Amino acid sequence: MPDSATDFTTLPGYREMQTQRSFAEMFGIENPFFRVHEERAGAETRIGNRTYANFASYDYLGLNGHPEVSAAAKAAIDRYGTSTSASRVVAGERPIHGELERALASLYSAQDCVVMVSGHATNVGVIGQIIGSRDIVLYDDLIHNSVALGAQLSGATRRSFPHNDLDALEALLDAQRHQHGRALIVVEGLYSMDGDWPDLPRLIEIKRRHGAWLMVDDAHGLGVLGARGHGVAEQTGIDPRDVDIWMGTLSKTLAGAGGYVAGPSPLIDFIRTSVGAFVFSVGLSPPVAAAAHAALGILLREPERVTKLHANGGAFLAAAKRHGLDVGTSAGLAITPVIVGESLKAATLSDRLSQRGFNVMPILHPAVPERLARLRFFITSEHTIEQVEEAAQATAEEMASLVGTADALQSMAAQLKT
Ligand code: PMP
């Protein structure tokens, strides 16, 4: 066998990553990824002994580190320790698992709910197992990687449709639904790259007409969408029971880590007994379950946090538009991209903003198509209106100063590639 068979540097994407790194070094751009945050990262964060206005946190309602959330986690540690030790099937339940699951089920008016240690593994595991090779799975082009991987694992026929284009979804179903046993449609509640949401009433009508299941990953919608932050069901005014499978994560608004599925009892029973990501994986760590449960309680009790988030998100969107920035289809609730159009430009802009005290991540190719490279701003209820307006203004100023420089960088990069 050639040496390359055991050479890790021949793995797909390795060389592209190296090339990106050397470009960044060559152009003096500091690596924006894997930064070490020295304290809790909220509306502000400390990196390398400097305080930044932070636009890279999923803590939409500022619940991470909330005294009640931390106290619940500490009490759970005192009572159960930090681990559930093995799968809940064999190591057994802790009361906090059931408490969290009942609270989440009630949020979706669902019969039952199950939580797992990872949001990503929840999608891969559940989608991978509820459909099979005779079935079809249809999902939005911008769907999260975990859904796409689950679909791949299932062996079902996979079809994606252009972002939020339900006419295209209908056309696919008209042409192909009859060739398959089951059909699963998967969409997100709030799209984490673009900050918009799908037309759920129409999706419900479509899935009924075509005899399909509808699954909604509301990872980013919880705490953000709807006047009370209950998610995309509240935002679009539908009865949550009209969605077959609700998926979400504990890692964003709920200040923990893990995934959940809420829905009809037979589905949740099936997951508890048959899905490898639950059966063969450790039960959620008790302090994490307790933190998420406490965070959910605060979300339900204090809708004013959501009001504040919406005001901040709206102020950022308005300021960005006023400065002529391209914010795509963002509704301006918590996630707003600033589309700049080339990876190098996005990385340079992020670096310049970092020098000015703003922490905002660039999203580069291949995470998005090259022409849609962007900065992605996550707004939280803890930001001030001044912070978000200053960030929009600084971005516009740096964008303006990049015209010319970026073109020069781009042509240098193109020459280096050849
Ligand atoms: N679904 C969506 C829409 C996500 O954005 C993410 C990750 N951010 C996941 C699932 C995976 O969740 P986790 O990071 O909690 O594993």
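Just so it is clear, the structure is predicted and the values come from calculations on it, not from any experiment. Counting convention: from 1, in listed order, for ligands and their atoms alike.
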Short side-chain to backbone donor-acceptor contact, E370 and G341, under 3.5 Å: no

Tell me if a side-chain donor or acceptor on S285 pairs with a main-chain N or O of T82 at a distance below 3.5 Å. yes

Show me the short polar-atom pairs for ligand 1: any N or O of it lying under 3.5 Å from a protein N or O, with distances only.
unit_1, atom_1, unit_2, atom_2, d
ligand 1, 1 (N), D217, OD2, 2.6
ligand 1, 5 (O), H220, NE2, 2.8
ligand 1, 8 (N), K252, NZ, 2.8
ligand 1, 15 (O), S251, OG, 2.8
ligand 1, 16 (O), G119, N, 3.1
ligand 1, 16 (O), H120, N, 2.9

In terms of relative ring orientation, are H144 and H120 parallel, tilted or perpendicular, with 30° and 60° separating the classes? perpendicular

Within a reach of under 6.0 Å around CZ of R46, are more than 12 heavy atoms found that belong to other residues, nucleotides or ligands? yes

Are a donor atom and an acceptor atom from the side chains of S57 and D59 found within less than 3.5 Å of each other? no

In a table with atom names and distances, give each donor-acceptor pair under 3.5 Å that connects a side chain of residues 126-134 to protein atoms at least two apart or in another chain.
unit_1, atom_1, unit_2, atom_2, d
Q129, OE1, G276, N, 3.4
Q129, NE2, S274, O, 2.4

